[in-house]
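No experiment lies behind these values; they were computed from the predicted model shown. Order of listing sets the numbers, starting from 1, for every ligand and every atom in it.
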Amino acid sequence: MCDCKLPDTPGPIGVFDSGYGGLTILREIRRRLPQYDYLYLGDNARAPYGNRSFEIVYEFTLQAVRYLFEQGCHLVILACNTASAKALRTIQQNDLPHLDPDRRVLGVIRPTVEQLGRLTRSGDIGLFATQGTIASQSYDMEVAKLFPDFRLTGVACPMWVPLIENNEANRPGADYFVKQEVDKLIEKSPTVDTVILGCTHYPILYDKIRHYLPQNIKLISQGHIVADSLADYLKRHPRLETKCSKNGRSTFLTTEQPDKFADMASLFLGDEIEAHKITFD
Ligand code: DGL
(Lines give C-alpha, C1' and ligand atoms only; values in the text may rest on other atoms or scores of the structure.)
Protein backbone atom coordinates (compact mmCIF):
# COMPACT_ATOMS: atom_id res chain seq x y z
CA MET A 1 0.00 0.00 0.00
CA CYS A 2 0.95 3.63 -0.47
CA ASP A 3 2.44 5.24 2.65
CA CYS A 4 0.10 8.19 2.03
CA LYS A 5 -3.58 7.72 2.88
CA LEU A 6 -5.67 7.89 -0.28
CA PRO A 7 -9.16 9.39 0.02
CA ASP A 8 -11.85 6.73 -0.18
CA THR A 9 -14.92 8.90 -0.84
CA PRO A 10 -16.18 9.12 -4.46
CA GLY A 11 -13.98 11.34 -6.61
CA PRO A 12 -13.56 12.56 -10.18
CA ILE A 13 -12.33 10.44 -13.06
CA GLY A 14 -8.71 11.39 -13.69
CA VAL A 15 -7.64 12.12 -17.27
CA PHE A 16 -3.92 12.46 -17.90
CA ASP A 17 -1.84 13.57 -20.86
CA SER A 18 1.59 15.09 -21.42
CA GLY A 19 -0.15 18.30 -22.50
CA TYR A 20 -3.20 19.40 -24.45
CA GLY A 21 -3.81 16.21 -26.45
CA GLY A 22 -5.87 14.45 -23.80
CA LEU A 23 -8.44 17.23 -24.12
CA THR A 24 -9.52 15.65 -27.43
CA ILE A 25 -10.36 12.53 -25.42
CA LEU A 26 -11.95 14.42 -22.52
CA ARG A 27 -14.17 16.34 -24.95
CA GLU A 28 -15.71 13.09 -26.24
CA ILE A 29 -15.87 11.47 -22.79
CA ARG A 30 -17.75 14.48 -21.40
CA ARG A 31 -20.12 14.41 -24.35
CA ARG A 32 -20.81 10.70 -23.79
CA LEU A 33 -20.77 10.71 -19.96
CA PRO A 34 -21.66 14.26 -18.85
CA GLN A 35 -22.85 13.20 -15.40
CA TYR A 36 -19.39 12.45 -13.98
CA ASP A 37 -16.75 14.77 -12.52
CA TYR A 38 -13.38 14.92 -14.29
CA LEU A 39 -9.95 16.01 -13.15
CA TYR A 40 -7.67 16.70 -16.12
CA LEU A 41 -3.92 16.89 -15.65
CA GLY A 42 -1.61 18.08 -18.44
CA ASP A 43 2.10 17.82 -17.79
CA ASN A 44 2.75 20.70 -20.22
CA ALA A 45 5.98 21.73 -18.51
CA ARG A 46 7.57 18.41 -19.51
CA ALA A 47 5.76 17.84 -22.85
CA PRO A 48 6.36 16.41 -25.36
CA TYR A 49 6.83 12.89 -24.06
CA GLY A 50 7.11 11.43 -27.56
CA ASN A 51 10.90 11.35 -27.80
CA ARG A 52 11.58 10.50 -24.17
CA SER A 53 12.90 7.16 -22.91
CA PHE A 54 10.73 4.38 -21.44
CA GLU A 55 12.12 5.08 -17.95
CA ILE A 56 11.29 8.77 -18.04
CA VAL A 57 7.79 8.37 -19.48
CA TYR A 58 7.09 5.71 -16.86
CA GLU A 59 8.43 7.88 -14.03
CA PHE A 60 6.43 10.98 -15.11
CA THR A 61 3.24 8.97 -15.70
CA LEU A 62 3.48 7.23 -12.34
CA GLN A 63 3.93 10.61 -10.63
CA ALA A 64 0.79 11.86 -12.35
CA VAL A 65 -1.26 8.76 -11.50
CA ARG A 66 -0.20 8.95 -7.87
CA TYR A 67 -1.10 12.63 -7.76
CA LEU A 68 -4.54 12.00 -9.27
CA PHE A 69 -5.18 9.18 -6.78
CA GLU A 70 -4.21 11.54 -3.95
CA GLN A 71 -6.77 14.04 -5.28
CA GLY A 72 -9.47 11.40 -4.90
CA CYS A 73 -9.61 9.73 -8.32
CA HIS A 74 -10.40 6.00 -8.23
CA LEU A 75 -10.08 5.65 -11.98
CA VAL A 76 -7.46 7.30 -14.18
CA ILE A 77 -7.48 7.31 -17.99
CA LEU A 78 -4.08 7.70 -19.61
CA ALA A 79 -5.39 9.87 -22.47
CA CYS A 80 -1.96 9.64 -24.03
CA ASN A 81 -0.74 6.92 -26.36
CA THR A 82 2.89 7.43 -25.43
CA ALA A 83 2.13 6.91 -21.73
CA SER A 84 -0.22 4.02 -22.55
CA ALA A 85 2.54 2.43 -24.63
CA LYS A 86 5.41 2.96 -22.23
CA ALA A 87 3.96 3.03 -18.74
CA LEU A 88 0.48 1.49 -18.53
CA ARG A 89 1.39 -2.16 -18.20
CA THR A 90 4.07 -1.61 -15.55
CA ILE A 91 1.77 0.64 -13.54
CA GLN A 92 -1.06 -1.89 -13.74
CA GLN A 93 1.10 -4.86 -12.86
CA ASN A 94 3.75 -3.49 -10.49
CA ASP A 95 2.48 -0.26 -8.96
CA LEU A 96 -1.29 -0.58 -8.54
CA PRO A 97 -1.02 -3.51 -6.11
CA HIS A 98 1.03 -1.25 -3.78
CA LEU A 99 -0.76 2.04 -4.41
CA ASP A 100 -4.28 0.62 -4.03
CA PRO A 101 -5.41 -2.62 -5.67
CA ASP A 102 -8.99 -1.30 -5.93
CA ARG A 103 -8.11 1.70 -8.11
CA ARG A 104 -7.78 1.40 -11.88
CA VAL A 105 -5.66 2.92 -14.64
CA LEU A 106 -6.79 2.46 -18.25
CA GLY A 107 -5.12 3.35 -21.55
CA VAL A 108 -6.22 4.25 -25.07
CA ILE A 109 -4.43 1.73 -27.31
CA ARG A 110 -6.38 -1.45 -26.64
CA PRO A 111 -9.86 0.08 -27.12
CA THR A 112 -8.69 1.67 -30.39
CA VAL A 113 -7.30 -1.57 -31.82
CA GLU A 114 -10.49 -3.42 -30.81
CA GLN A 115 -12.45 -1.29 -33.29
CA LEU A 116 -10.27 -2.05 -36.33
CA GLY A 117 -12.22 -5.16 -37.31
CA ARG A 118 -15.29 -3.12 -38.16
CA LEU A 119 -13.36 -0.29 -39.84
CA THR A 120 -11.01 -1.86 -42.38
CA ARG A 121 -11.79 -3.84 -45.52
CA SER A 122 -8.29 -4.42 -46.85
CA GLY A 123 -6.74 -5.17 -43.44
CA ASP A 124 -4.03 -2.62 -44.24
CA ILE A 125 -3.93 -0.15 -41.37
CA GLY A 126 -1.87 3.02 -41.13
CA LEU A 127 -0.78 4.56 -37.85
CA PHE A 128 0.44 8.08 -37.15
CA ALA A 129 1.98 8.31 -33.69
CA THR A 130 4.91 9.69 -31.72
CA GLN A 131 8.36 8.17 -32.08
CA GLY A 132 7.95 6.60 -28.65
CA THR A 133 4.65 4.90 -29.48
CA ILE A 134 5.98 3.59 -32.81
CA ALA A 135 9.22 2.32 -31.22
CA SER A 136 7.32 0.59 -28.40
CA GLN A 137 5.47 -1.54 -31.00
CA SER A 138 2.45 -1.50 -28.70
CA TYR A 139 0.01 -1.12 -31.60
CA ASP A 140 1.77 -3.87 -33.57
CA MET A 141 1.46 -6.23 -30.60
CA GLU A 142 -2.23 -5.48 -29.98
CA VAL A 143 -3.04 -5.86 -33.69
CA ALA A 144 -1.13 -9.17 -33.85
CA LYS A 145 -3.13 -10.44 -30.86
CA LEU A 146 -6.59 -9.36 -32.00
CA PHE A 147 -6.29 -9.40 -35.81
CA PRO A 148 -3.31 -11.55 -36.83
CA ASP A 149 -4.12 -11.16 -40.57
CA PHE A 150 -3.97 -7.36 -40.57
CA ARG A 151 -0.87 -5.40 -41.57
CA LEU A 152 0.06 -2.25 -39.66
CA THR A 153 2.29 0.46 -41.10
CA GLY A 154 3.43 3.06 -38.61
CA VAL A 155 4.86 6.51 -39.33
CA ALA A 156 6.36 8.60 -36.53
CA CYS A 157 5.48 12.29 -36.71
CA PRO A 158 7.97 14.00 -34.38
CA MET A 159 7.02 17.56 -35.39
CA TRP A 160 3.26 17.31 -34.91
CA VAL A 161 3.08 17.55 -31.10
CA PRO A 162 5.50 20.50 -30.85
CA LEU A 163 3.43 22.32 -33.51
CA ILE A 164 0.27 21.76 -31.47
CA GLU A 165 1.80 22.56 -28.08
CA ASN A 166 3.10 25.82 -29.58
CA ASN A 167 -0.26 26.75 -31.10
CA GLU A 168 1.01 26.44 -34.68
CA ALA A 169 -1.46 23.74 -35.76
CA ASN A 170 -3.73 26.04 -37.73
CA ARG A 171 -0.97 28.08 -39.33
CA PRO A 172 0.35 27.41 -42.86
CA GLY A 173 3.74 26.14 -41.59
CA ALA A 174 2.05 23.02 -40.23
CA ASP A 175 1.03 21.96 -43.76
CA TYR A 176 4.58 21.11 -44.72
CA PHE A 177 5.03 18.66 -41.84
CA VAL A 178 1.58 17.11 -42.23
CA LYS A 179 1.98 16.50 -45.97
CA GLN A 180 5.44 15.05 -45.44
CA GLU A 181 4.23 12.30 -43.06
CA VAL A 182 1.05 11.57 -45.03
CA ASP A 183 3.12 11.09 -48.20
CA LYS A 184 5.51 8.84 -46.30
CA LEU A 185 2.66 6.58 -45.18
CA ILE A 186 1.13 6.29 -48.65
CA GLU A 187 4.53 5.52 -50.13
CA LYS A 188 5.17 2.79 -47.54
CA SER A 189 1.71 1.23 -47.82
CA PRO A 190 -0.32 2.26 -50.89
CA THR A 191 -3.15 -0.17 -50.02
CA VAL A 192 -3.93 1.22 -46.55
CA ASP A 193 -7.66 1.91 -46.18
CA THR A 194 -7.85 3.02 -42.53
CA VAL A 195 -5.51 5.34 -40.65
CA ILE A 196 -5.44 5.70 -36.88
CA LEU A 197 -4.44 8.96 -35.24
CA GLY A 198 -2.48 7.18 -32.51
CA CYS A 199 -1.61 10.30 -30.55
CA THR A 200 -4.28 12.23 -28.71
CA HIS A 201 -2.83 15.55 -29.90
CA TYR A 202 -3.34 14.74 -33.58
CA PRO A 203 -7.12 15.36 -33.85
CA ILE A 204 -6.18 19.02 -33.48
CA LEU A 205 -4.53 18.63 -36.92
CA TYR A 206 -7.45 16.54 -38.24
CA ASP A 207 -8.55 18.92 -41.01
CA LYS A 208 -5.04 19.31 -42.38
CA ILE A 209 -4.37 15.55 -42.28
CA ARG A 210 -7.74 14.91 -43.95
CA HIS A 211 -6.84 17.42 -46.65
CA TYR A 212 -3.64 15.60 -47.66
CA LEU A 213 -4.84 12.03 -47.14
CA PRO A 214 -6.59 10.49 -50.19
CA GLN A 215 -10.36 10.75 -49.67
CA ASN A 216 -11.01 6.99 -49.94
CA ILE A 217 -8.96 6.36 -46.78
CA LYS A 218 -10.73 6.46 -43.41
CA LEU A 219 -9.13 8.67 -40.77
CA ILE A 220 -9.88 7.62 -37.20
CA SER A 221 -9.63 9.80 -34.07
CA GLN A 222 -9.74 7.98 -30.76
CA GLY A 223 -11.97 10.26 -28.67
CA HIS A 224 -15.34 8.67 -29.34
CA ILE A 225 -13.82 5.17 -29.25
CA VAL A 226 -12.34 5.76 -25.80
CA ALA A 227 -15.58 7.37 -24.61
CA ASP A 228 -17.67 4.36 -25.70
CA SER A 229 -15.17 1.97 -24.18
CA LEU A 230 -15.22 3.87 -20.87
CA ALA A 231 -19.03 3.85 -20.78
CA ASP A 232 -18.97 0.10 -21.30
CA TYR A 233 -16.25 -0.38 -18.67
CA LEU A 234 -18.20 1.55 -16.04
CA LYS A 235 -21.28 -0.55 -16.77
CA ARG A 236 -19.26 -3.73 -16.24
CA HIS A 237 -17.61 -2.43 -13.03
CA PRO A 238 -20.45 -1.15 -10.81
CA ARG A 239 -18.34 -1.04 -7.63
CA LEU A 240 -15.82 1.28 -9.27
CA GLU A 241 -18.63 3.26 -10.89
CA THR A 242 -20.07 4.14 -7.46
CA LYS A 243 -16.64 5.58 -6.60
CA CYS A 244 -16.93 8.12 -9.45
CA SER A 245 -18.59 11.33 -8.27
CA LYS A 246 -21.42 12.78 -10.35
CA ASN A 247 -21.85 16.55 -10.35
CA GLY A 248 -20.97 17.12 -14.01
CA ARG A 249 -17.92 19.23 -13.07
CA SER A 250 -14.47 19.38 -14.68
CA THR A 251 -11.29 20.71 -13.10
CA PHE A 252 -8.08 21.40 -15.01
CA LEU A 253 -4.53 21.14 -13.72
CA THR A 254 -1.30 21.87 -15.53
CA THR A 255 2.37 21.83 -14.59
CA GLU A 256 2.90 24.96 -16.76
CA GLN A 257 1.32 28.42 -16.92
CA PRO A 258 -2.39 28.12 -16.06
CA ASP A 259 -3.45 31.12 -18.17
CA LYS A 260 -1.84 29.73 -21.28
CA PHE A 261 -3.34 26.32 -20.58
CA ALA A 262 -6.82 27.82 -20.11
CA ASP A 263 -6.62 29.72 -23.41
CA MET A 264 -5.54 26.68 -25.39
CA ALA A 265 -7.89 24.31 -23.58
CA SER A 266 -10.88 26.57 -24.22
CA LEU A 267 -10.00 26.42 -27.90
CA PHE A 268 -9.82 22.61 -27.96
CA LEU A 269 -12.85 22.03 -25.74
CA GLY A 270 -15.01 24.81 -27.18
CA ASP A 271 -15.69 25.89 -23.59
CA GLU A 272 -14.23 28.56 -21.31
CA ILE A 273 -12.23 26.94 -18.52
CA GLU A 274 -10.03 27.92 -15.62
CA ALA A 275 -6.80 26.05 -14.90
CA HIS A 276 -4.64 25.63 -11.81
CA LYS A 277 -0.93 25.08 -11.61
CA ILE A 278 0.52 22.13 -9.74
CA THR A 279 4.06 20.94 -9.11
CA PHE A 280 5.12 17.41 -8.33
CA ASP A 281 7.11 16.90 -5.10
N1 DGL B 1 -0.69 13.04 -26.58
C2 DGL B 1 0.30 12.08 -26.44
C3 DGL B 1 0.06 10.80 -27.15
O4 DGL B 1 -1.09 10.43 -27.32
C5 DGL B 1 1.72 12.44 -26.21
C6 DGL B 1 2.38 13.39 -27.12
C7 DGL B 1 3.74 13.79 -26.64
O8 DGL B 1 3.83 14.28 -25.51
O9 DGL B 1 4.69 13.59 -27.39
O10 DGL B 1 0.97 10.11 -27.54
Exercise for the section: Please identify each residue that fulfils ring-ring contact (aromatic ring centres under 6.0 Å, His included) with Y233, with sequence neighbours left out. Expected result: H237

Handout entry: Lys/Arg N to Asp/Glu carboxylate O, E241 vs K246, below 4.0 Å
Key =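 Between K246 and E241 there is a salt bridge, with a charged N closer than 4.0 Å to a carboxylate O.
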
Practice task
Determine, for R30 against D271, whether the closest basic-nitrogen to carboxylate-oxygen distance falls under 4.0 angstrom.
Solution key: yes

Handout entry: F252/Y38 aromatic ring centres below 6.0 Å
Key = no

Problem - Polar side-chain atom of T112 near backbone of Q222 as donor-acceptor pair, under 3.5 Å - result: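 No: the side chain of T112 does not pair with the backbone of Q222.
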
Once you restrict both partners to nitrogen or oxygen, which atoms of ligand 1 have a protein partner under 3.5 Å, and how far apart are they?
unit_1, atom_1, unit_2, atom_2, d
ligand 1, 1 (N), D17, OD1, 3.0
ligand 1, 1 (N), T200, OG1, 2.9
ligand 1, 1 (N), H201, ND1, 2.7
ligand 1, 4 (O), N81, N, 2.7
ligand 1, 4 (O), N81, ND2, 3.1
ligand 1, 4 (O), T200, N, 2.8
ligand 1, 4 (O), T200, OG1, 3.3
ligand 1, 8 (O), S18, OG, 2.6
ligand 1, 8 (O), Y49, N, 2.6
ligand 1, 9 (O), Y49, N, 3.3
ligand 1, 9 (O), G50, N, 2.7
ligand 1, 10 (O), N81, N, 3.4
ligand 1, 10 (O), T82, N, 3.1
ligand 1, 10 (O), T82, OG1, 2.7

Exercise for the section: Classify the angle between the aromatic ring planes of F16 and Y49 as parallel (below 30°), tilted (30 to 60°) or perpendicular (above 60°). Expected result: tilted

